[in-house]
Novice: 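Dumping the structure here so I can ask a few things about it.
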Amino acid sequence: MERRSCGVRHMCTLSLLLVSVCPLCCRASWMWLGVTSAGLPEQRGCSDLPLSHRQRDLCRKKPFLLPSIQDGAQLAIAECQSQFRHERWNCSTTEQPSVFGYELTSGTKETAFIYAVMAAGLVHAVTRSCSQGNMTECGCDTRLQGGGSPKEGWHWGGCSDQVQYGIWFSRKFIDNSVKNTSTSRGGYTLSTCNQHNSEAGRQAIVRTMSTHCRCHGISGSCALKTCWKTVAAFERVGVYLKEQYEDSVQVSDRSRRKTRRKDRHRLPVDMHQLIFFNKSPNYCVEDRRRGIAGTRGRRCNRTSTGSDSCVLLCCGRGYNTHLVRHVQRCECKFIWCCYVRCRRCESMNDMHTCK
Ligand SMILES: *[C@@H]1O[C@H](CO)[C@@H](O)[C@H](O)[C@H]1NC(C)=O
Ligand SMILES: *[C@@H]1O[C@H](CO)[C@@H](O)[C@H](O)[C@H]1NC(C)=O
Ligand SMILES: *[C@@H]1O[C@H](CO)[C@@H](O)[C@H](O)[C@H]1NC(C)=O
Ligand SMILES: *[C@@H]1O[C@H](CO)[C@@H](O)[C@H](O)[C@H]1NC(C)=O
């Protein structure tokens, strides 16, 4: 199944910057600022980072974007882990060979989600930074200013998020400079597939943007409204991308002649859809070679019927039950003035973990 071998995996090891630098064998020559177990990443300059030539040039030209690159990666990783916390594959990160290990290059739905969420995280972080006035190259979206509909009593005002700059930077930083991912006949390569999914992630930011308005005029009249557009909270983007993940479509792999006919997606792929070409493994048992942790020891829910149920999460292997003690603050009372006094309540709960 795993056809790619990677002789330079050790190069990928890094504590701060977790990189997949196997452009020839893995074809995933992009990198991310990762999150170390040691906590917050320290500030570093461009030359301390093992970037590709292209990325280092970009970094030197725009060092002010480094904090956003880190923020974006952290946002994305946290959201991925939150969206997948009840799934067999829980988006756990490793330090070797790259943040997401095998899943970065497996060409599965999980790879698709990772690329999408990472690209989206970068757009989000850069855009927020633009709107907060932290950058000279971008700011609020001025294209809207002056517009609106006076007849209907509203106009654009305030600071609308300008996503174009973030999208531009995310493309420039992540994409492998593949010009055209559209493939009418030949199918996808891992890198065009990844690039498509990154773009779908960027578009997720655009799609989930929303408009907010504030009323003016005599109190309660709302005779005049000022409206502005903002990107959604990243959690909302995560929920949207998880739905896209559930609906992702299989496309044919250009490097393999015989993708089974029934597996192939015949219709043209929409730019918002996530695509993959390999079926996912079931993630049930540990497979160190592929960096799959397996679900042994995972906490499951005996009464749930979803993916966190003991039946599904434990893949039918059964589960162990432990009694765990819970200590909580309870029966809290407000005491005049001004503190809250609580009791400590202990309870014993069953906890189930997969065998
Ligand atoms: C994912 O599951 C593994 C066990 O399979 C566990 O060790 C790890 O902490 C989990 N990661 C997250 C982010 O929940
Ligand atoms: C903008 O800059 C301020 C001050 O340096 C910082 O506290 C804030 O986190 C920055 N915001 C973003 C989104 O980077
Ligand atoms: C991408 O390639 C397809 C087919 O090769 C072509 O029809 C399409 O116009 C190209 N798109 C761009 C943006 O170059
Ligand atoms: C288990 O699942 C049930 C039903 O989905 C839910 O109400 C309950 O809060 C869950 N328990 C835990 C410990 O997550």
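Whatever order the structure lists them in is the order used to number ligands and atoms, beginning at 1.
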Novice: Does atom CD (E286) have a neighbourhood of more than 12 heavy atoms from anything else shown, all under 6.0 Å?
Specialist: yes
Novice: Could you tell me whether atom 14 (O) of ligand 4 has at least one protein heavy atom nearer than 4.0 Å?
Specialist: yes
Novice: Would you say the rings of Y283 and F84 are close, in the sense that their centroids are separated by under 6.0 Å?
Specialist: no
Novice: Show me which atoms of ligand 4 lie under 4.0 Å from any heavy atom of T303.
Specialist: 1 (C), 2 (O), 3 (C)
Novice: May I ask whether R298 has any heavy atom positioned less than 4.0 angstrom from an atom of ligand 1?
Specialist: yes
Novice: Report yes if some N/O of G294 lies less than 3.5 Å from some N/O of ligand 1; otherwise report no.
Specialist: yes
Novice: If you measure every N or O of Q81 against every N or O of ligand 1, does any of those distances drop under 3.5 Å?
Specialist: no
Novice: Quick check on contacts: which atoms of ligand 1 are under 4.0 angstrom from a heavy atom of N90?
Specialist: 1 (C), 2 (O), 3 (C), 8 (C), 10 (C), 11 (N), 12 (C), 14 (O)
Novice: Can you name the atoms of ligand 1, numbered from 1 with element, that are less than 4.0 Å from a heavy atom of A293?
Specialist: 5 (O)
Novice: Determine whether more than 12 heavy atoms belonging to other residues, nucleotides or ligands lie under 6.0 Å from atom NZ of K242.
Specialist: yes
Novice: Relative to the heavy atoms of N301, which atoms of ligand 4 are at a distance of less than 4.0 Å?
Specialist: 1 (C), 2 (O), 3 (C), 8 (C), 10 (C), 11 (N), 12 (C), 14 (O)
Novice: With the threshold set strictly below 4.0 angstrom, can you tell me whether any protein non-hydrogen atom sits that near atom 9 (O) of ligand 1?
Specialist: no
